[in-house]
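Below, chain A is the first sequence line, B the second, and so on; all start at residue 1. These figures come from a predicted structure and were not determined experimentally.
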Amino acid sequence: MRVSVLLFAIYRELAGTGNLDVSLPERSDVRALLAALRGRGRLSALPAEVSVAVNRQYAEPGTILADGDEVALIPPVSGG
Amino acid sequence: MNSQAPPPRRPLEAAERARYARHLVLPEVGSEGQERLKAARVLLVGAGGLGSPAGLYLAAAGVGVLGLVDPDVVDLTNLQRQILHDTEAVGVPKVASGRQRLAAVNPHVEVETHQRRLTSANAMNIFAGYDVVVDGTDNFPARYLVNDACVLSGLPNVYGSVYRWEGQVSVFGAEDGPCYRCLFREPPPPGLVPNCAEAGVFGALPGVIGAAQALEAIKLLLGVGESLAGRLHVFDALAFRWREVEVRRNPGCPLCGDAPTQTGLIDYDAFCGATAPDPRIRQLAPSELAGAMAARPTPFLLDVREPFEWEESNLAHLGAVLVPRREVPGRLDEVPRDRPVVVYCRSGSRSMEVAGLLAQEGYDDVANLAGGILAVADSGQPPSVDCRGRH
């Protein structure tokens with residue numbers, strides 16, 4: 001299955017793009033997606049805890065993904 | 001706010017009725033709403049990029065009391081986005097400059113100033129008596145501190161944050177809503193997210209986000225519309241696109257969950273790893289700097305700020321050399337190993353990180369200038385080189 005990953009701010013900079021298509025085995029969870037992303041170049045710097053929204057709802061590491069899901073990685077941002 | 005008792009109101013004077021005419025005709029505001037705003041107290045933590053537009057709109061809207069918390073003075077590099085302050089205010093405390101500007105915008109508003117850093121020791125006292133807190137801080141320890149103090153005080157936290165061309169806005173700490181920790185359960189590793197000085201921030205972006213914070217704060221005070229509680233908005237200014245993410249309260253949240261494990265404020269610098277004590281690194285007080293530089297062999301004085309900060313003021317008269325933080329790992333050959341090294345930055349946290357890196361790389365005499373060049377200026381030994389106008 002394929003999921004569409006949206007990246008913002010520092011995560012976008014690590015990935016070099018705001019949008020990635022990722023192929024995963026069926027019934028993979030968010031944790032497996034993050035592990036796959038950490039294998040891609042500078043995304044290895046993704047922190048242990050990443051806030052994730054699946055189809056615009058906050059999701060847990062164990063949330064099961066489905067083909068076509070939109071997964072947004074929400075970066076911590078502190079500027080003011 | 002107590003949902004039993006009607007929210008307090010303060011009657012309007014004739015001049016105020018004229019000033020707020022465009023509010024008074026709105027069914028959602030009217031006389032009753034405007035009188036509620038006059039009775040309301042909002043605390044702005046940070047009078048910078050976000051606090052500026054938020055404060056200006058809250059003052060213009062007639063919020064009765066505005067509190068400003070900020071330890072800093074206005075710097076020339078602030079003015080590109082911090083529209084509360086003008087050119088003449090450079091060098092003036094932000095809370096004083098802010099009070100003057102807000103009073104000029106609306107003399108009916110009372111401004112309370114707290115010229116200090118918000119800390120675990122003072123946050124609960126400062127927050128007491130306010131109805132809503134607007135988070136316009138600029139670092140992770142302060143964001144967790146504002147969140148925790150809001151949850152423990154039962155105050156809504158109108159959150160905004162910016163990075164380069166992107167912003168976030170939400171409302172945390174509302175009844176049954178999530179808190180900042182429900183969204184960001186752990187702080188990012190130190191050094192992952194650059195600050196505004198290093199990364200830059202587009203000036204009008206905090207204008208958009210800070211104005212959204214003012215809007216949400218006023219809606220909360222009026223009790224109208226749908227608040228952003230439970231929804232995070234992420235704004236991409238380059239694409240001009242807003243994305244909404246639903247965030248629920250985390251029942252396992254250590255702070256606002258069903259069985260909270262944290263019932264007081266903690267050490268947020270340590271929590272965020274910003275100042276984990278490193279026994280290999282000496283902390284040099286600003287008053288000790290001149291003496292340390294007179295010792296033999298003369299220490300190598302390393303400035304790890306950005307070039308534009310160096311242009312503003314620096315310690316070149318003491319022999320300082322500029323290597324911005326991010327370039328240090330690739331330029332270690334420029335840092336001698338046969339002399340003590342003293343590292344400094346603006347306020348002491350970037351330099352602490354570099355000092356840790358140097359210790360890691362085998363430098364055996366490394367000191368961090370505590371409080372940075374700001375503390376040197378405060379200690380009555382002003383950084384003497386000013387390169388403005390030079391090329």
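- Atom OH of B/Tyr57 is surrounded by 12 or fewer heavy atoms from other residues, nucleotides or ligands within 6.0 Å.
- Atom CG in A/Asn55 sits 11.0 Å away from atom CD in B/Glu246 (nearest 0.5 Å).
- Among B/Gln168, B/Arg185, B/Glu244, B/Arg81, the residue making the largest number of heavy-atom pairs under 4.5 Å with chain A is B/Arg185.
- The contact between B/Val234 and chain A is made entirely by side chain atoms (from C-beta outward), counting heavy-atom distances below 4.5 Å.
- Shown here for B/Leu192 and A/Ala45, the closest heavy-atom pair between the two residues is CD1-O, 3.9 Å.
- Heavy-atom pairs under 4.5 Å with chain A peak, among B/Asn195, B/Asp135, B/Val193, B/Leu183, at B/Leu183.
- Using a 4.5 Å heavy-atom cutoff, the side chains of B/Arg243 and A/Phe8 are in contact.
- Proximity to chain A (any heavy atom under 4.5 Å) is restricted, for B/Asp236, to the side chain, taken from C-beta onward.
- Residues of residues 58-80 of chain A having a heavy atom under 4.5 Å from any heavy atom of chain B, listed by number: A/Tyr58, A/Glu60, A/Glu70, A/Ile74, A/Pro75, A/Pro76, A/Val77, A/Ser78, A/Gly79, A/Gly80.
- Around atom CZ of A/Arg38, more than 12 heavy atoms belonging to other residues, nucleotides or ligands sit under 6.0 Å away.
- Contacts between B/Tyr144 and chain A at a heavy-atom distance below 4.5 Å are absent for every atom of the residue.
- Here the straight-line distance linking atom OH of B/Tyr163 with atom CD of A/Glu13 works out to 3.5 Å at 0.5 Å rounding.
- Interface residue B/Leu232: only side-chain heavy atoms are found under 4.5 Å from chain A.
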